[in-house]
Amino acid sequence: MKLIAVSDEEELSRMAAEILFAKVKASDRLVLGLATGKTPLGMYRFLTKYSKECKQSFKHIHTVNLDEYVGSVTYHTYMEQYLFQHVDIPSDQTHLPDGLAASLEDECKKYEQLIKKLGGIDLQVLGIGENGHIGFNEPGTKFDSRTHVVQLTDSTLQANAKYFAGIEQPKEAITMGIGTILESKEILLLAIGERKANAVKELFNGSLNKDIPATALNQHLNVTVLADKGARKLLDKES
Ligand code: PGA
């Protein structure tokens, strides 16, 4: 696992966007796995800026997002707002799990088939939860899990309550499984702030611990972690 140490959120966002943008420019066709939450917001801002400045087309890009709340379009709306409406990516090439699907079980199967049909994910962007979750794979999730419905933990509900001021917060979500994520050809994990320091420390201690889902990434051969000063606070040494 490669660690790129950056000073702060601004530098992290710029570097993450540069990594994605270089791939967008270099490829004829690219399947990007995308994440939501607070962490990648700056990355999307820079990605939008670079694409405008360089007049770079996104017509050859396909996207698959990690997750969506059940009964909600929260992350669909987020992706429109922060990326899709700013680039020329065709809407039928952008994909998120459908939290409004009549059968959630069928939706999970369909999402797996979709990723296969696209030829797999070339680069998956991940955030990390305070409890070490990736996507919405909460502690205890099997490392070979596929796309599934999860009951969100109190820690995750609390961390995300700010997005649901005045409206009821869904307690369930659909998420790509850890096994699904591990099949991505390359993974870029972003960690900002001291709140993530413990999860980042566990990730770099090299073990495989089901109670810290992100440690599953120690099985993957092509993972880059971009972490700011706060998120690296508990690391003994920097590689
Ligand atoms: P955050 O969430 O970016 O809002 O901190 C990250 C995550 O839970 O994966």
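The analysis underlying the following values was restricted to heavy atoms, covering all of them including side chains, and did not include hydrogens, waters or symmetry mates. Counting starts at 1 for both ligands and their atoms, in listed order. Being a predicted model, the structure only gives us computed values, none of them experimental.
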- For atom 6 (C) of ligand 1, what is the nearest protein heavy atom, given as residue, atom name and distance? I128 O, 3.6 Å
- Linked, directly or transitively: V73 and L104 (ILVMFWY side chains, under 4.5 Å): no
- For Y163, counting its heavy atoms only, list the atoms of ligand 1 lying under 4.0 Å from any of them. 4 (O)
- Query: Nearest protein heavy atom to atom 3 (O) of ligand 1, by residue and atom, and its distance?
  - Reply: T39 OG1, 2.5 Å
- May I ask you to say whether K229 pairs ionically with E194, meaning some side-chain N is under 4.0 Å from a carboxylate O? no
- Task: Indicate yes or no: does K196 engage E202 in a salt bridge with an N to O separation below 4.0 Å.
- Result: no
- Answer yes or no: does atom NZ of K171 have more than 12 heavy-atom neighbours from other residues, nucleotides or ligands under 6.0 Å? yes
- Task: Look at atom 4 (O) of ligand 1 and say which protein heavy atom is nearest, naming residue and atom and giving the distance to 0.1 Å.
- Result: K38 N, 2.9 Å
- For salt bridge (charged side-chain N to carboxylate O under 4.0 Å, His left out), just list the numbers for E10 and R45, CA-CA rounded to whole Å, side-chain angles, deciding distance to a tenth of an Å, and then say yes or no. CA-CA 10 Å; E10 186 76 2; R45 183 163 42 84; 3.7 Å; yes
- Query: Looking at G37, which atoms of ligand 1 are within less than 4.0 Å of one of its heavy atoms?
  - Reply: 3 (O), 4 (O)
- of all protein heavy atoms, closest to atom 5 (O) of ligand 1 is K196 NZ, 2.7 Å
Please list every donor-acceptor pair under 3.5 Å in which a side-chain atom of residues 160-167 meets a protein atom from a residue at least two apart or in another chain.
unit_1 : atom_1 : unit_2 : atom_2 : d
N160   : ND2    : Y69    : OH     : 3.0
K162   : NZ     : A159   : O      : 2.5
Y163   : OH     : K38    : N      : 3.4

- atom 8 (O) of ligand 1 - nearest protein heavy atom and its distance: H133 NE2, 2.6 Å
